[in-house]
There are 2 protein chains.
Amino acid sequence: MTATQELTKNQSLVFNALARADGPLSAYTILDQLRNDGFRAPLQVYRALDKLLDYGMIHRLESINAFVACAHPHSHSHGHGMIAFAICEKCGQVSEFSDDIITGRVREWTNSNGFKQSKTTIEIRGVCANCGTA
Amino acid sequence: MTATQELTKNQSLVFNALARADGPLSAYTILDQLRNDGFRAPLQVYRALDKLLDYGMIHRLESINAFVACAHPHSHSHGHGMIAFAICEKCGQVSEFSDDIITGRVREWTNSNGFKQSKTTIEIRGVCANCGTA
DNA sequence: TTCGATATGTGATGTTATTACATTTGTCAA
DNA sequence: TTGACAAATGTAATAACATCACATATCGAA
Ligand SMILES: [Zn+2]
Ligand SMILES: [Zn+2]
Ligand SMILES: [Zn+2]
Ligand SMILES: [Zn+2]
């Protein structure tokens, strides 16, 4: 799965809701936005979110129970590096970046401890540059 | 606040529940464990958890909505370094560690992007050495 | 066309966290 | 001692987030 047009109807609706948003959305916010498109139940949203997560098109922000469209949609799964998110607690803006050194240090720890990593969450909460100067 | 004996009754009960557990507990699991001690409502747990988080005696694991007693209770707030958690999805065991290089790289990103960090979550999900060999 | 895999619709339920308000307890200064 | 304030507690209700169970529909390959 690489392109939007291969998504199913519900998956497209959910992805487009996230893509046009200026920040992360909760599943229930997405549900409310899609009522007019026929959405009636949370599961319609969660099922689409699960697929979009599989496809690497969106990310889940664990610390705020919300979802965001991937900011780097053309770097497939971000190589194999870990992704970090800086989340502004004032305006909700999310910056997505990856750092090979962080990725390497985490891998060193997991290797030397025999830990088989499956998914890693790195989320920085705080106040972004715009909101900090206000 | 540095020692257990300065905690209030409810705070002590919640902290001890976490301290004797062999892994992270959800707030409602703690509530159930403390029914016999007079706990009746979620808020009694959440209020104690908030204080214990303030005191740095416990941590919240964002990716599994659970809480765990700090594994390094004598290193006050872990210096000022960020803490990473490796969470086994098989047995629930949590390993807590900090890495100055990761801390430094995150700080470099926030500094160069004008982002004022308040709290950072690093959680590695996977399978621990014990469970991997089974 | 028939079968299986995938996707969808819907209601009910389960899990996690907060709001609102009343009461109690501890601290300290007048 | 007492009044006043801060901190802690008790309780019910509600909000927010997520999944289960079951029925139906859609699509592609055999
Ligand atoms: Zn991304
Ligand atoms: Zn901001
Ligand atoms: Zn700790
Ligand atoms: Zn394990």
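Keep in mind that what you see is a predicted model, and the values were worked out from it rather than measured. Each chain gets a letter, A, B and so on, in the order its sequence line appears, and its residues count up from 1.
- Contact check for A/K119 versus A/R60: no side-chain heavy atoms found under the 4.5 Å cut-off.
- Between the side chain of A/T29 and the backbone N or O of A/L25 there is no donor-acceptor pair closer than 3.5 Å.
- In this structure, the side chain of A/N113 does not engage the main chain of A/F115 through any donor-acceptor pair within 3.5 Å.
- Of the candidate nucleotides D/dT9, D/dA18, D/dG10, D/dA18 has the atom nearest to the side chain of A/R60.
- Taking 4.0 Å as the cutoff to heavy atoms of chain A, we find the contact window on DNA chain C bounded by C/dA7 to C/dT10.
- Not one N or O on the side chain of B/T120 forms a donor-acceptor pair closer than 3.5 Å with the backbone of A/I124.
- Not one N or O on the side chain of A/E96 forms a donor-acceptor pair closer than 3.5 Å with the backbone of A/H59.
- In terms of phosphate contacts, B/T8 brings a side-chain nitrogen or oxygen within less than 4.0 Å of OP1 or OP2 of D/dT9.
- The interatomic distance linking B/I64 (CD1) with D/dA18 (P) rounds to 15 Å, in whole Å.
- Neither side chain, B/T121 nor A/E123, offers a donor N or O lying under 3.5 Å from an acceptor on the other.
- Direction of the helix axis in the helix from C/dT1-D/dA30 to C/dA30-D/dT1 shifts by 20° between the two five-pair termini, rounded to 10°.
- Using bins of under 30°, 30° to 60° and over 60° for the plane-to-plane angle, the ring pair A/F97/B/W109 lands in the parallel bin.
- Rounded to an integer number of Å, the gap from CG of A/N10 to P of D/dC27 is 13 Å.
- B/K9 has no side-chain polar atom (N or O) that falls below the 4.0 Å cut-off from OP1 or OP2 of D/dT9.
- Regarding A/D50, its CG atom lies at a distance of 11 Å from the P atom of D/dC20, rounded to whole Å.
- Using a distance-only test at 3.5 Å, with no hydrogens or angles considered, a donor-acceptor pair links the side chain of A/Q93 to the main chain of A/D22.
- Between the CZ atom of B/R40 and the P atom of D/dA13 there is a distance of 14 Å, rounded to whole Å.
- Shown for residues 20-37 of chain B: no residue has heavy atoms falling under 4.0 angstrom of DNA chain D.
- A/D32 has a carboxylate O that lies under 4.0 Å from a charged side-chain N of A/R35, or vice versa, which qualifies the two as a salt bridge.
- Between the P atom of D/dA25 and the CZ atom of A/R47 lies a distance of 15 Å, rounded to the nearest Å.
- A/L34 and A/L7 fall within a single hydrophobic cluster, where Ile, Leu, Val, Met, Phe, Trp and Tyr are joined by side-chain heavy atoms under 4.5 Å apart, directly or via other members.
- The residue among B/Q44 and B/N65 whose nearest nucleotide of DNA chain D is located toward the 5' end is B/Q44.
- Although no hydrogens or angles enter the test, the distance criterion places a donor-acceptor pair under 3.5 Å between the side chain of A/S118 and the main chain of B/R125.
- Rounded to a whole Å, the CG atom of A/L53 is 14 Å from the C1' atom of D/dA18.
- If you measure from atom OH of B/Y46 to atom P of D/dT9, you get 17 Å, rounded to the nearest angstrom.
- Summarising the local packing, CG of B/D54 is surrounded by more than 12 heavy atoms from other residues, nucleotides or ligands at distances under 6.0 Å.
- In this structure, the CG atom of B/L49 is 15 Å from the C1' atom of D/dT9, given to the nearest Å.
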